[in-house]
There are 2 protein chains.
Amino acid sequence: MSAEKSKRVTLADVAEASGMSKASVSLILNNRPGSRLSAAAVKRVREAAERLGYRPNVAAQSLRLGKTRTLGFISDQVTVTRFASAMITGILRAAADNDHTVLITETRGEPAELTKALDQLRQRDVDGLILGFMDSRLRDLPELPEDRPVVLVNSHDVQQHPSVMPDENAAGRQAVERLAQTGARTVALVGALRAAQSSPESYPGITRRFAALNQALDNSPLHLLGQWELEDWNPADGYVATTQLLAQGHRPDALICANDRVAMGAYQALAEHRLTPGADLSVISFDDEVIAGYLRPQLTTIALPYEQMGVRAVRSVLGQQEHSGEQLIDMPLIERQSVRD
Amino acid sequence: MSAEKSKRVTLADVAEASGMSKASVSLILNNRPGSRLSAAAVKRVREAAERLGYRPNVAAQSLRLGKTRTLGFISDQVTVTRFASAMITGILRAAADNDHTVLITETRGEPAELTKALDQLRQRDVDGLILGFMDSRLRDLPELPEDRPVVLVNSHDVQQHPSVMPDENAAGRQAVERLAQTGARTVALVGALRAAQSSPESYPGITRRFAALNQALDNSPLHLLGQWELEDWNPADGYVATTQLLAQGHRPDALICANDRVAMGAYQALAEHRLTPGADLSVISFDDEVIAGYLRPQLTTIALPYEQMGVRAVRSVLGQQEHSGEQLIDMPLIERQSVRD
DNA sequence: GTTTTGTGCTAAATCAATTTAGCAACGATC
DNA sequence: GATCGTTGCTAAATTGATTTAGCACAAAAC
């Protein structure tokens, strides 16, 4: 209401207003068990606190308790990637639900920035640390704080900190099953990453995705026409690979694309051959970026559940959930229009 | 190095190690002018601090100084939009440059969440507040803290808080000039928003964009064939409008699209008429979303400078820059392939 | 009637910093 | 020789919460 020049309301103000001591007020407002204050006192204090609009000073609490009710989130990329923001949303939501706030830092993938960020968050005394990565890989991280929980999202590290990962295995199986349902017989894989082949251990996400896909295909009625490799996972690469595939005379019943950007390129190549996804053949993909909804026909894809991963990471560091090893998160199939009936 | 069970190093530890008092250590480490400590003492203290790896406890500093070196950022959307993350990047960078950290909150556009976020940040005693909006509009906000600086990004409010806005006027002029350069004579505008027409004051961003465009066209040799209105600014809408425009027999030298998603739809419609942007006609657009780079040919567009706006917002609340009225940020033309020579 | 137990509450210490007022020692001034 | 000024440094107060140890009084037990 009235703003006045009033300083913030402190515990002492509430104490004075209610005729109690600071100790009593603190005890009452925090519902300390075992402290036997009269019902009348409790009522007086509660009312005074309410009336004055008392809010505890977080800095003072942190100092006294050694806890800041703050989580640190270090991301390698916030801007560039289409996913970090989804992860942040999940983290913010879960943190807010647990009365925590989140300090966010960005490293642009530079190790020096990571060290700086760690130092900064350590100094701010965060209660837990979440390290988010936009591509899945085995990392060698600098020394992390040992006195508070740490969790990695979307990567592993050599020191084997707990991690939250998308369940690529199940996703691969699901993709193949979905295509098998449509009665498809032949399928082409666009495209494994050339760089990834050479060092599978450093790209576990990518490697897993293709290993899972291959294994699922082996156990299905589908016939794999081949895998078309790419330099990178961008539309231009998908376009090149798909054009090549079609030029070789292949006419698969279904295309499995490495991700949505690759699928976007594939769409362009298919259009040039007058082939329409969802009608002439099925296209299924991974990630569920925004463009998946923009493409026509809209792209059916298996989502990277970044928001859920963020939520899970928070719960993990707050000790509300298993906090060790690798925690797998389901990748949901987003059914749109690019898979035939 | 050795982690030990050691508690954190405090000022008192440094004092003891250097044989000085806490007061002296504080004075020295903060370079207080006017405090005349011997060079020898300064050296001893500095060395001890370095050796022990002393980092001040932020909570204690905040409590004592009443400043938290923390900024609050409240965004209506983090996930959904393609821009919030760019803004966050700018904010994080500028904040880090000024030794501040950022607390981020998301309201999902719900007023109740906004009130909650404000309360939370007030409680955390942020030194300044940035309110970011993903669509530009006139807002009626709840009571904001009056004792610390507040700035809005990409919106105005009825209470007239300082704001940071993209310079749509200059952008409109620039778009028209660029097309005039190519020798284009006729141009079509795809598309004004039907909803916006009815209440211009509530969509200043959109309104400005079109007002600026119209005015710039009036002062140019270009002939405006017409404006095609849309329900929304999505690819499907752009497709519909462009198809309609072409069906009416128009063959403009240039298309000005409301934003990149609309342009994406326009591309599809043009492709169906065998028209190629950058060759058969020019297409220019606004926003510079990621898809602008994915389209083929790549889309020339005038960027919404969200990162710069974030940077500016931080400088504004930190008092390093004018902190009043409306601060306009340049919208840079991102030259790609969709404008003819 | 004295001791014990329990009830209701509070004074004071604590967390880790910053800052003010001022002490002690020494040389300079009158 | 007393006074003053300067230099180099520190004790103690302060910030706003939490928590421990314990006080004063009343009822119960012996």
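Here is the naming used below: chain letters follow the sequence lines, and residue numbers restart at 1 for every chain.
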* Select from L37(B) and L63(B) the residue whose nearest nucleotide in DNA chain D is closer to the 5' end of that strand. =>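 Of the two residues, L37(B) wins.
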
* Pairwise 5' ranking along DNA chain D for L27(B) and N30(A), keeping only the more 5' one ->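 The answer here is L27(B).
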
Classify the nucleic acid contact of [X] as base, sugar-phosphate or nothing, counting any heavy atom under 4.0 Å across all strands shown.
X: A59(A); value: nothing
X: L11(B); value: base
X: T10(B); value: sugar-phosphate

* Taking the nucleotide of DNA chain C with the closest heavy atom to each, which residue, S38(A) or K22(B), is nearer the 5' end? ->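 Closer to the 5' end of DNA chain C: S38(A).
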
* Given P305(B), which of M87(B), M331(B), R312(B) fulfils the side chain to side chain contact (heavy atoms under 4.5 Å, CB included) condition? ->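 Of the listed options, the one satisfying the test is M331(B).
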
Between [atom2] of [N] and [atom1] of [X], the distance in whole Å:
X: N57(A); N: dA16(C); atom1: CG; atom2: C1'; value: 14 Å
X: M20(A); N: dA11(C); atom1: CE; atom2: P; value: 11 Å
X: R44(A); N: dG8(C); atom1: CZ; atom2: C1'; value: 12 Å
X: K67(A); N: dC15(C); atom1: NZ; atom2: C1'; value: 15 Å
X: I28(A); N: dA17(D); atom1: CD1; atom2: C1'; value: 15 Å
X: R32(B); N: dT10(D); atom1: CZ; atom2: P; value: 18 Å
X: D13(A); N: dG16(D); atom1: CG; atom2: P; value: 9 Å
X: Q123(A); N: dA17(C); atom1: CD; atom2: C1'; value: 12 Å

Would you call [X] and [Y] a side-chain contact if the rule is heavy atoms closer than 4.5 Å?
X: N98(B); Y: Q320(B); value: yes
X: R8(A); Y: D125(B); value: yes
X: V102(A); Y: I104(B); value: no
X: L37(B); Y: S24(B); value: yes

Report yes if at least one side-chain N or O of [X] is closer than 4.0 Å to OP1 or OP2 of [N]; otherwise report no.
X: S24(A); N: dC9(C); answer: no
X: S21(A); N: dC9(C); answer: no
X: Q61(B); N: dA16(C); answer: no
X: R8(A); N: dG16(D); answer: no

* For S316(A) and Q327(A), does a side-chain donor sit closer than 3.5 Å to a side-chain acceptor? ->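 The answer is yes; a qualifying pair exists.
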
* Is a side-chain donor-acceptor pair under 3.5 Å present for T70(A) with R124(A)? ->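 Short answer, no.
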
* Name the closest nucleotide to the A41(B) side chain, picking from dT19(D), dA16(C), dC9(D). =>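 Between dT19(D), dA16(C), dC9(D), the one nearest the side chain of A41(B) would be dC9(D).
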
* R64(B) side-chain proximity, nearest of dA17(C), dT19(D), dT10(D) ->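 Within the option list, the nearest is dA17(C).
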
* Indicate the atoms forming the closest heavy-atom contact of A95(B) with V314(B), along with that distance. =>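 Shortest heavy-atom separation between A95(B) and V314(B) comes out as N-CG1, 3.9 Å.
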
Atom pairs, N/O to N/O, protein against nucleotides 21-24 of chain C, distance under 3.5 Å?
none

* **Contacting residues from residues 49-56 of chain B, given that a heavy atom lies under 4.0 angstrom of DNA chain C** =>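 By residue number: Y54(B), R55(B), P56(B).
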
* **Selection residues 93-149 of chain A - residue pairs positive for ring-ring contact (aromatic ring centres under 6.0 Å, His included), sequence neighbours left out** =>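 Listed by first then second residue: nothing to list.
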
* To do: Would you confirm whether N57(B), through its side chain, and A59(B), through its main-chain N or O, come within 3.5 Å as a donor-acceptor pair?
  =>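 A pair under 3.5 Å: yes.
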
